[in-house]
Amino acid sequence: MTVRTRFAPSPTGYLHVGGARTALFSYLFARKHGGQFILRIEDTDLERSTPESVNAILEGMTWLGLEYDEGPFYQTQHFERYQAVIDELLDKGLAYRCTCSKERIDKLRERQMAAKVKPRYDGHCRGHKIDPEEPHVVRFANPVDGLVVVDDRIRGRVAFNNGELDDLIIRRSDGSPTYNLTVVVDDADMGITDVIRGDDHLGNTPRQINILNAWGKKPPRYAHVPMILGDDGSRLSKRHGAVSVIAYRDQGYLPEALLNYLVRLGWSHGDQEIFSLDEMIAFFDIESVNKAASAFNRDKLDWLNQHYMQHSDPLRIAHLLSPHLGALDIDPAHGPELTAVVTAQAARAKTLRELADISTFIYRDFDDYDESSAKKHLRPVAREPLARLRTALEMLALDDWKPDTLHHVVDRVAAELEVNMGKVAQPLRVAIVGRAASPGIDVTLQLVGKEATLRRIDRALAWIDDRQSQN
RNA sequence: GCUCCCUUCGUCUAGUGGUUAGGACGCUGGCCUCUCACGCCGGUAACAGGGGUUCGAAUCCCCUAGGGAGCGCCA
């Protein structure tokens, strides 16, 4: 039987990192076994489902590159099928109509909590003859005794006592089917062989297995993956920063970095940290996913993101960087080759956004000098080196405005003045960049260009003079 | 309250009866060096606690503690 997995989010919000990891695991499992990965939107909650959320989920999946072979399917389009199955269950006496009021159920729950027992429906309407015309819900007649065993690929064997389970509602009084019924029907109809989902569903699994068994279908294999926690160990939420996959994109993270980060959360392959998608597919093993929840750690994501910015094709990074420059009102067309910027700066930033941020000096004059940098390097002693640099650089032909010649010029000025390279390069750097950090001085000058370089040296000279005259 | 699940450095993890408990992020010392990064070398730091089983337990069993999820006419 060929493996078929699915990712089945409910469209009540964006695609968050926990869902993304579940999707990734399902995707990898399917790919590894040469099977299919299916996307199914669980939109049966008409109240909370929105088309915006559907779009956000699809957008997130696309950005991550988690390609599905079938779908997206929408449960709202399967309503007739669900009704048919419920009717079938009703006909066979595997489900029954129930007219218990919410008030009665609430009271029952209250009493049970007070008696320190697990709140559950008491089967009051079981065996009652109820007129289908009367307002009612349909409940699944759960087995009263015996054991349901979930043979989970991650959790191992988890047994539930049927006595703990109650007769869950499978059709609401408005006629709509409920979650536990719809998943079961869709998974069976779609031939899903392996259900990989969040472990908040572990408790639903025995109920679903019971429905499947009653209905005469073979349950799929299950794998319940633990949840992702915030960096403080509590449930991941907005207050931990971004949880939406799209927010990571907007902040300048690379999809491969997020994927790589996520795959290592709860799973490992020896000591390997860096995984291409192909390697993930080759090595991923659902059985070795950890049982414990894990905390999301931004620092490690940053490290991976920088790694990929540094080691990916500069042309691709350049394309992805472009919009971030645009957000800073910079048109990269007016400047050096973007790939040159990427090559020079990638090792200096954690995100594309930061990469854009530290590269603005290449495109336009900075506003103010970084205070401590200017104080340290634009002192009166820097006047002479800067003046000499200006003269020497001005004489350079545009064709010679290249790293090696530029390096020679700076080197020569330092030699003439019999000072260290740093005494010359640092004032120059602050003059050009506005602060004391940038790529090598030769590369920095090349990226900025001759015209801006001379202009900024003049500005620095004026600044030094101005400052001196004030004292 | 009840049911189920979980517990190795701060964090992600390796480890499946015998290891100086390994790697990675972070932090940190150094090297490289025109700066900042990158890179390289080194350091810091963990088996939740208690009982067993065993010649020997991070590894097996039990208990305790702590954490989590579920107990919807949500998914």
Side-chain angles (χ1 to χ4, degrees), chain A residues 8-12 42-45 47-49 75 98 100 102 105 109 112-120 136-139 150 152 155-156 158-161 163-166 168-180 182-183 197-206 224 226-227 229 231-235 261 264-274 290-304 306-307 310 345-349 358 373 377 407 410-411 414 420-430 433 435-442 444:
Chain A
S10 60
T12 54
E42 310 224 319
D43 55 351
T44 53
D45 184 351
E47 300 286 309
R48 299 195 302 157
S49 298
Q75 291 196 311
C98 165
C100 290
K102 281 183 185 170
I105 304 289
R109 204 190 325 270
Q112 288 167 327
M113 290 287 254
K116 301 186 176 189
V117 298
K118 186 174 181 169
R120 48 193 286 279
H136 66 273
V137 298
V138 175
R139 288 181 184 273
V150 181
D152 194 278
R155 292 314 161 79
V158 185
F160 293 84
N161 215 311
E164 293 294 334
L165 276 25
D166 62 357
L168 74 172
I169 292 172
I170 55 177
R171 179 155 72 198
R172 304 185 181 91
S173 47
D174 68 0
S176 62
T178 60
Y179 168 74
N180 281 297
T182 61
V183 254
R197 60 188 3 172
D199 72 357
D200 48 333
H201 288 288
L202 185 57
N204 286 322
T205 308
H224 288 92
M227 57 184 279
L229 273 19
D231 53 10
D232 59 353
S234 71
R235 192 187 186 116
Y261 178 72
R264 283 284 289 100
L265 217 50
W267 176 80
S268 62
H269 182 254
D271 286 339
Q272 188 169 344
E273 295 288 349
I274 305 296
N290 274 165
K291 296 174 183 173
S294 36
F296 195 92
N297 180 238
R298 177 73 70 116
D299 286 336
K300 187 151 185 185
L301 208 212
D302 283 347
W303 173 73
L304 281 164
Q306 183 185 66
H307 171 87
Q310 209 178 161
Q345 296 278 58
R348 276 165 251 271
I358 61 170
S373 299
H377 298 292
H407 191 270
V410 180
D411 224 13
N420 293 334
M421 180 79 160
K423 290 275 189 290
V424 177
Q426 281 303 83
L428 180 56
R429 172 170 283 112
V430 176
V433 184
R435 59 191 138 83
S438 83
I441 195 66
D442 45 5
T444 299

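Every chain is numbered from 1, with letters handed out A, B, ... down the list of sequences. Small disclaimer: the values here were computed from a predicted structure and weren't measured.
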| request: Report the distance from atom OG of A:S438 to atom CG of A:L428, rounding to the nearest 0.5 Å. | output: 9.0 Å
| request: Indicate, with a heavy-atom threshold strictly under 4.0 Å, whether A:Q310 touches base, sugar-phosphate, or nothing. | output: sugar-phosphate
| request: Looking only at side-chain atoms of A:L202, point me to the closest of B:rC4, B:rC25, B:rA75. | output: B:rC4
| Hey, which of these two, A:M113 or A:D442, hits RNA chain B nearer its 5' end, going by closest nucleotide? | A:M113
| request: Side chain of A:T178 only, please: which of B:rC73, B:rC12, B:rC5 is the nearest? | output: B:rC73
| query | Using atom C1' of each nucleotide, how far apart are B:rU33 and B:rG39 to the nearest Å? | reply | 12 Å
| field | Donor + acceptor pair across side chains of A:Q112, A:R109 (<3.5 Å) | value | no
| Is A:H201 touching bases, backbone alone, or none of the nucleic acid, heavy atoms closer than 4.0 Å? | base
| request: Compare side-chain N and O positions of A:N290 against OP1 and OP2 of B:rA14 and report whether any pair is under 4.0 Å apart. | output: yes
| request: Would you indicate what A:K423 reaches in the nucleic acid, counting non-hydrogen atoms under 4.0 angstrom: base, sugar-phosphate, or nothing? | output: nothing
| Among B:rA75, B:rG23, B:rC36, which is the nearest nucleotide to the side chain of A:A437? | B:rC36
| Reckon A:V158 touches a base, only the sugar-phosphate, or nothing at all at heavy-atom distances under 4.0 Å? | sugar-phosphate
| field | Any A:R264 side-chain nitrogen or oxygen under 4.0 Å from OP1 or OP2 of B:rC25 | value | no
| query | Quick one: is B:rA75 close enough that its OP1 or OP2 comes under 4.0 Å of any side-chain N or O from A:T44? | reply | yes
| query | Within a strict 4.5 Å, meaning less than it, do heavy atoms of the A:L168 and A:R139 side chains meet? | reply | no
| field | Whole-Å distance separating the CD1 atom of A:I105 from the P atom of B:rC71 | value | 15 Å
| said: It should be established whether A:K291 places a side-chain nitrogen or oxygen under 4.0 Å from OP1 or OP2 of nucleotide B:rC5. | reply: no
| field | Which nucleotide in B:rA75, B:rG70, B:rC36 has an atom nearest any side-chain atom of A:K118 | value | B:rG70
| message | Need one value for A:G198: base, sugar-phosphate or nothing, where a base atom within 4.0 Å counts as base even if backbone is also close, heavy atoms only. | response | nothing
| Picking from B:rC4, B:rC2, B:rC34, which would you name as closest to the side chain of A:E164? | B:rC2
| query | Can a donor-acceptor pair under 3.5 Å be found between the side-chain atoms of A:D200 and the base atoms of B:rG70? | reply | no
| task | Determine whether the side chains of A:T178 and A:N180 contain a donor N or O and an acceptor N or O closer than 3.5 Å. | result | no
| field | C1' gap between B:rC31 and B:rA37, integer Å | value | 15 Å
| task | Identify whether any heavy atom of A:R109 sits under 4.0 Å from a base atom; if not, whether one sits that close to sugar-phosphate; answer base, sugar-phosphate or nothing. | result | sugar-phosphate
| What nucleic acid atoms does A:N204 come within less than 4.0 Å of, heavy atoms only: base, sugar-phosphate, or nothing? | base
| field | Partners meeting side-chain contact (heavy atoms from CB on, under 4.5 Å) with A:H224 (sequence neighbours left out) | value | A:D152, A:R197, A:D199, A:H201, A:L202, A:T205, A:Y222
| message | Return whichever of A:S176 or A:D299 has its heavy-atom-nearest nucleotide of RNA chain B closer to the 5' end. | response | A:D299
| query | Using a cut-off of 4.0 Å on non-hydrogen atoms, how would the nucleic acid contact of A:P439 be classed: base, sugar-phosphate, or nothing? | reply | base
| Considering only the P atoms, how many Å lie between B:rA48 and B:rG30, rounded to the nearest integer? | 35 Å
| Under 4.0 angstrom, heavy atoms only, what part of the nucleic acid is A:K116 near: base, sugar-phosphate, or nothing? | sugar-phosphate
| request: Ignoring backbone atoms, test whether A:S268 places a side-chain nitrogen or oxygen under 4.0 Å from the OP1 or OP2 oxygen of B:rA24. | output: no
| said: Students often get this wrong, so: under 4.0 angstrom with heavy atoms, is A:Q112 touching a base, only sugar-phosphate, or nothing? | reply: nothing
| query | If we take the P atom in both B:rC47 and B:rU8, what is their distance in whole Å? | reply | 11 Å
| task | Classify the nucleic acid contact of A:L265 as base, sugar-phosphate or nothing, counting any heavy atom under 4.0 Å across all strands shown. | result | sugar-phosphate
| message | Using the C1' atom as the point on both nucleotides, what is the distance between B:rG29 and B:rC34, in whole Å? | response | 23 Å
| task | Answer with yes or no whether A:R348 presents, from its side chain, a donor or acceptor under 3.5 Å of a partner atom in the base of B:rC36. | result | yes
| request: For A:A292, report the nucleic acid contact type (base, sugar-phosphate, nothing); a contact means any heavy atom under 4.0 Å. | output: sugar-phosphate
| Across the strands shown, which category fits A:S294 at heavy-atom distances under 4.0 angstrom: base, sugar-phosphate, nothing? | sugar-phosphate
| request: Under the salt bridge (charged side-chain N to carboxylate O under 4.0 Å, His left out) rule, what do A:K300 and A:E273 come out as? Steps first, then yes or no, please. | output: CA-CA 10 Å; A:K300 187 151 185 185; A:E273 295 288 349; 3.1 Å; yes
| note | Residue set satisfying side-chain contact (heavy atoms from CB on, under 4.5 Å) with A:D271, at least two apart, ordered chain then number -> none
| message | Using atom C1' in both nucleotides, what's the gap between B:rA69 and B:rG10 to the nearest angstrom? | response | 25 Å
| said: Any donor-acceptor pair, under 3.5 Å, between the side chain of A:R429 and the base of B:rC34, if you only look at N and O atoms? | reply: yes
| message | Taking B:rG50 as the reference, what is the distance to B:rC55 when you measure between their C1' atoms (whole Å, please)? | response | 23 Å
| Distance between C1' atoms of B:rG22 and B:rA45 (Å, rounded) | 14 Å
| message | The side chain of A:F160 is closest to which nucleotide in this list: B:rG68, B:rC6, B:rU3? | response | B:rU3
